[in-house]
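Everything below concerns the one structure shown next.
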Amino acid sequence: MVEPVRKAVFPVAGLGTRFLPATKVLPKEMLAVVDKPLIQYAVEEAREAGIEDFIFVTGRGKSLIEDHFDHAVELEHVLKERGKDEALRSVLDCMPGRVFYTRQRQPLGLGHAVGCARGFVDGGPFAVLLPDDLILAEPGCLKQMMEVYRETGGNLVAVEDVPRAHTMRYGILDVVEDDGRLVRARGLVEKPAPEDAPSTLSIIGRYILGPEIFPHLDRHELGAGNEIQLTDAMARTIGEVPFHGLRFSGKRFDCGGKLGYLEANIAFALTRDELAGDVRAMLKEYA
Ligand code: UTP
């Protein structure tokens with residue numbers, strides 16, 4: 001029997017250099033798409049997938065994230081007094097279930113950030129969600145993964161096909177079996193040059209991992225970009241546990257970069273009844 005996944009890790013300690021100066025003091029994860037911070041979309045996706053414990057790996061200058069997931073006593077009081085029920089609900093709905101915070105003292109890479117969460121998740125499977133990968137999907141990407149995970153166990157990542165010329169931006173799977181939706185991998189390579197890439201299937205920021213990852217993360221080996229890479233540790237667990245990739249259905253936006261972020265704002269605005277018509281009319285002016 002595969003153990004259910006009830007814990008999720010949100011690594012939010014990165015520097016967000018691609019979005020400077022906006023992210024000089026504002027955490028990248030607090031950038032809003034339409035009217036919600038990126039981190040809140042990730043939390044809602046996790047909640048929909050059955051996550052009960054929410055673990056944030058934060059760093060210096062990220063305390064706004066903690067504030068966002070706490071009561072805003074004065075604001076709530078004023079909204080209540082003024083009868084602004086919908087606004088009040090939107091503020092109260094922000095808060096997930098059990099929340100834990102830990103600090104990554106230096107941004108040494110995603111693998112290192114996930115390793116910092118060990119004390120909260122060790123012993124069972126857990127999800128990792130990178131909030132700057134924003135996914136428009138119904139049901140949410142993590143929920144789709146949970147359904148498949150019941151069959152696969154082991155390590156499962158969300159994947160999408162990318163143009164071969166872009167492989168050096170992503171972790172790329174070395175595939176042994178592919179049924180069109182689910183793939184089984186025998187390896188993965190972080191940011192390979194197009195001519196060296198074993199496939200064009202890239203890992204995006206959704207993972208379900210088992211505790212076998214931690215001894216490999218603990219070695220603190222530097223990988224691509226001189227950072228401790230999560231993908232390197234995952235590659236080392238192949239052979240110990242099954243490793244699968246799921247072509248999720250939906251669209252992913254790289255909100256760590258400007259173009260993806262702008263596109264996400266338009267795509268998410270078009271899903272909102274109160275905005276869609278006006279946004280479409282506005283876009284015609286720029287066509
Ligand atoms: P990115 O690769 O997007 O790095 O991290 P970054 O520092 O956030 O942004 P840029 O590239 O400088 O613009 C992917 C995810 O991993 C987290 C980030 O917060 C983001 O959610 N991360 C990255 C950490 O938590 N710690 C790290 O040391 C590195």
Side-chain angles (χ1 to χ4, degrees), residues 8-33 36-46 54-66 68-69 100-121 126-135 141-142 157-160 162 166-172 188 190-191 202-207 209 213-214 217-234 252-262 264:
V9 175
F10 301 84
V12 292
L15 297 177
T17 55
R18 282 172 291 161
F19 244 112
L20 286 168
T23 50
K24 183 180 171 190
V25 289
L26 183 73
K28 173 172 73 171
E29 300 77 12
M30 288 301 293
L31 290 172
V33 166
K36 256 195 278 186
L38 287 170
I39 186 69
Q40 196 181 328
Y41 285 98
V43 160
E44 287 176 5
E45 183 184 326
F54 299 76
I55 300 127
F56 297 88
V57 182
T58 72
R60 272 184 294 284
K62 300 279 182 166
S63 51
L64 277 183
I65 296 176
E66 293 172 39
H68 185 73
F69 292 117
F100 305 87
Y101 296 96
T102 186
R103 289 272 280 238
Q104 183 190 24
R105 294 205 186 101
Q106 276 179 287
L108 299 177
L110 177 58
H112 182 255
V114 171
C116 292
R118 181 172 190 164
F120 298 90
V121 296
F126 60 99
V128 176
L129 295 94
L130 307 189
D132 43 0
D133 267 344
L134 179 59
I135 300 173
C141 181
L142 189 64
V157 293
V159 295
E160 68 180 9
V162 294
H166 294 173
T167 55
M168 73 281 254
R169 298 183 195 166
Y170 304 99
I172 300 289
L188 61 142
E190 187 60 37
K191 301 187 171 62
S202 87
I203 299 179
I204 62 143
R206 299 292 182 275
Y207 314 73
L209 302 173
I213 193 94
F214 289 112
L217 288 174
D218 282 351
R219 288 199 215 150
H220 287 188
E221 276 171 28
L222 296 178
N226 250 358
E227 292 194 339
I228 300 167
Q229 296 286 353
L230 184 60
T231 43
D232 289 343
M234 283 162 57
R252 165 226 174 220
F253 302 90
D254 175 11
C255 290
K258 289 164 197 127
L259 202 59
Y261 176 72
L262 290 171

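Counting starts at 1 for both ligands and their atoms, following the listed order. Please read these numbers as outputs of a predicted model, since none were measured by experiment.
By the 3.5 Å distance cut-off applied to N or O atoms, Ala13 is counted among the residues near ligand 1. Taking distance alone, with nitrogen or oxygen atoms compared against 3.5 Å, Leu108 approaches ligand 1 more closely than that limit. Considering backbone and side-chain N/O of Gly16, one or more are found under 3.5 Å from N/O of ligand 1. For ligand 1, the polar-atom distance check finds no N/O of Pro131 at less than 3.5 Å from any of the ligand's N/O atoms. At least one N or O atom of Leu15 sits closer than 3.5 Å to an N or O atom of ligand 1. Residue contacts with ligand 1: Pro11 is placed with a nitrogen or oxygen under 3.5 Å of a nitrogen or oxygen of the ligand (distance criterion only).
Of the candidates Asp132, Val114, Leu230, Asp133, Asp132 brings a heavy atom nearest to atom 14 (C) of ligand 1. With distances taken over non-hydrogen atoms, the option nearest atom 6 (P) of ligand 1 out of Gln106, Lys28, Arg18 is Lys28.
Protein heavy atom at the shortest distance from atom 24 (C) of ligand 1 is Gly14 N, 3.4 Å. Nearest non-hydrogen protein atom to atom 28 (O) of ligand 1 is Gly109 N, 2.7 Å. The shortest contact between atom 16 (O) of ligand 1 and any protein heavy atom is with Leu110 CD1, 3.6 Å. Protein heavy atom in closest approach to atom 12 (O) of ligand 1: Thr17 OG1, 2.5 Å. Of all protein heavy atoms, the one lying nearest to atom 26 (N) of ligand 1 is Gln104 OE1, 2.7 Å.
Of the candidates Val157, Ile172, Leu110, Leu188, Thr231 forms a side-chain contact (heavy atoms from CB on, under 4.5 Å) with just one, namely Leu188.
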Show your working on side chain to side chain contact (heavy atoms under 4.5 Å, CB included) between Ile203 and Leu230 and close with a plain yes or no. CA-CA 11 Å; Ile203 299 179; Leu230 184 60; over 6 Å; no
Step by step, work out the ring-ring contact (aromatic ring centres under 6.0 Å, His included) result for Phe54 and Phe69. CA-CA 11 Å; Phe54 299 76; Phe69 292 117; 8.2 Å; no
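Taking every heavy atom of Ala113 and a limit of under 4.0 angstrom, the matching atoms of ligand 1 come to 24 (C), 25 (O), 26 (N). Within the listing of ligand 1, atoms 19 (O) sit less than 4.0 angstrom from a heavy atom of Glu29. The ligand atoms of ligand 1 that sit less than 4.0 angstrom from a heavy atom of Pro107 are 28 (O).
Residues Arg60 and Arg105 come closest through the heavy atom pair NH2-O, 3.2 Å. Residues Pro11 and Pro131 come closest through the heavy atom pair O-CD, 4.0 Å. Here the closest heavy-atom approach between residue Asp133 and residue Arg206 is recorded as O-NH2, 2.8 Å. Smallest separation of non-hydrogen atoms from Val162 and Tyr170: CG1-CE1, 3.8 Å. For the pair Phe214 and Val114, the tightest heavy-atom approach, listed with the atom from each and the gap, is CE2-O, 3.8 Å. Listed here is the closest heavy atom pair of Thr23 and Lys28: CG2-CA, 3.6 Å.
With a 4.0 Å heavy-atom cut-off, ligand 1 is reached by the backbone of Val12 but not by any atom from C-beta on.
The pair Arg18-Asp254 meets the salt-bridge criterion, since a charged nitrogen lies less than 4.0 angstrom from a carboxylate oxygen.
A parallel orientation is assigned to the rings of Phe56 and Tyr101, their planes being inclined by less than 30° (bins at 30° and 60°).
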